[in-house]
Amino acid sequence: MRSLTVLYDARCGLCSNARRWLEGQPQIVPLELLPAGSEEARRRYPTLAETEPEELVVVSDEGDLYRGSPAWIVCLWALRDYREWSFRFARPALLPLARGIVEWISTRRHRLSRAFGLMSDQEIALAVSAGRSCDDGGCAGEETR
Amino acid sequence: MTPNTYPVWSYLVYVAISVGLTVWVARTLHRNGRIFLVDAFHGNEPLADSVNHLLVVGFYLINVGYVTLALKFSQMPVDMQTAIELLSTKIGLVLLVLGAMHFMNMIVFSRLRRRALREIAPPPVPPQARIPVRA
């Protein structure tokens with residue numbers, strides 16, 4: 001396996017923050033992050049049935065597909081500082097817990113994003129294209145200075 | 001009346017046996033731990049030898065340190081029987097310390113090796129499906 005493509009939900013603030021975090025981590029296996037249902041994602045994986053999956057999807061360069069908590073474990077596995085954790089979460093004793101946490105967060109991701117005021121990539125793109133500066137400071141670039 | 005020479009002889013025998021045991025365990029570790037370390041450092045033999053040597057130096061320091069600190073007998077042997085009893089207690093303690101240190105070293109070896117194996121290990125979960133990918 002030489003690379004992994006991570007399909008995340010660009011409309012969700014929590015997921016977009018997770019994407020930024022993943023991209024900032026040192027990687028053993030390079031991660032490429034694509035918004036789920038985007039043009040590029042559909043072009044690359046024409047058989048991926050739903051265009052907008054309800055959970056995180058990771059596909060390797062060889063076509064191995066992971067969904068939900070295994071997808072998260074594979075993401076951790078790709079990161080230098082968290083590979084140990086991926087093996088820990090994959091143990092039979094912890095796997096159900098990992099699945100529970102991931103499902104709990106996944107189904108509430110939009111609500112959680114609103115509660116914590118996390119901006120999604122789509123919202124940021126909209127705000128930037130509309131020429132407004134974002135109020136959380138995350139994308140308030142030069143124009144406010 | 002001749003002075004009691006049992007304490008001095010006991011001390012000498014204690015030091016000789018303890019240091020001898022330490023050397024034996026350290027050499028065993030040095031010889032048999034090397035292969036673990038070479039594997040843990042992905043075949044980098046100079047690095048493995050260096051770490052192996054440093055581990056053995058630490059092992060010697062702690063064990064010889066314990067042996068010398070624990071030299072003093074709480075009561076003095078007055079005949080052959082008490083000398084053997086005291087020696088046996090002391091050497092038993094040294095053996096337990098050596099055993100504990102030995103297992104600590106083995107834990108270090110196996111940790112290093114496990115970490116090395118994980119760096120090249122496949123993902124810990126199997127893929128749920130295989131799909132065609134368009135470049």
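A, B, ... follow the sequence lines: proteins, then strands. Residue 1 opens every chain. This is a predicted model, so every value here is computed, not measured.
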Select one option (side chain, backbone, both, neither) describing which atoms of [X] are under 4.5 Å from chain B's heavy atoms.
X	answer
R44(A)	both
S60(A)	backbone
R80(A)	neither
V59(A)	side chain

Open item on the list: Taking NE2 in H42(B) as the centre, count heavy atoms belonging to other residues, nucleotides or ligands within less than 6.0 Å. Is the count above 12?
Closed with: yes
- [ ] Among I101(A), L95(A), I73(A), find the residue that satisfies the side-chain contact (heavy atoms from CB on, under 4.5 Å) test when tested with F89(A).
- [x]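 Result: among I101(A), L95(A), I73(A), I73(A) is the only option passing the side-chain contact (heavy atoms from CB on, under 4.5 Å) with F89(A).
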Task: R115(B) with E119(B): basic N within carboxylate O range, under 4.0 Å - done: no
Task: NZ/NE/NH1/NH2 to OD/OE distance under 4.0 Å, E40(A) and R43(A) - done: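 Here E40(A) pairs with R43(A) in a salt bridge, since their nearest N and O are under 4.0 Å apart.
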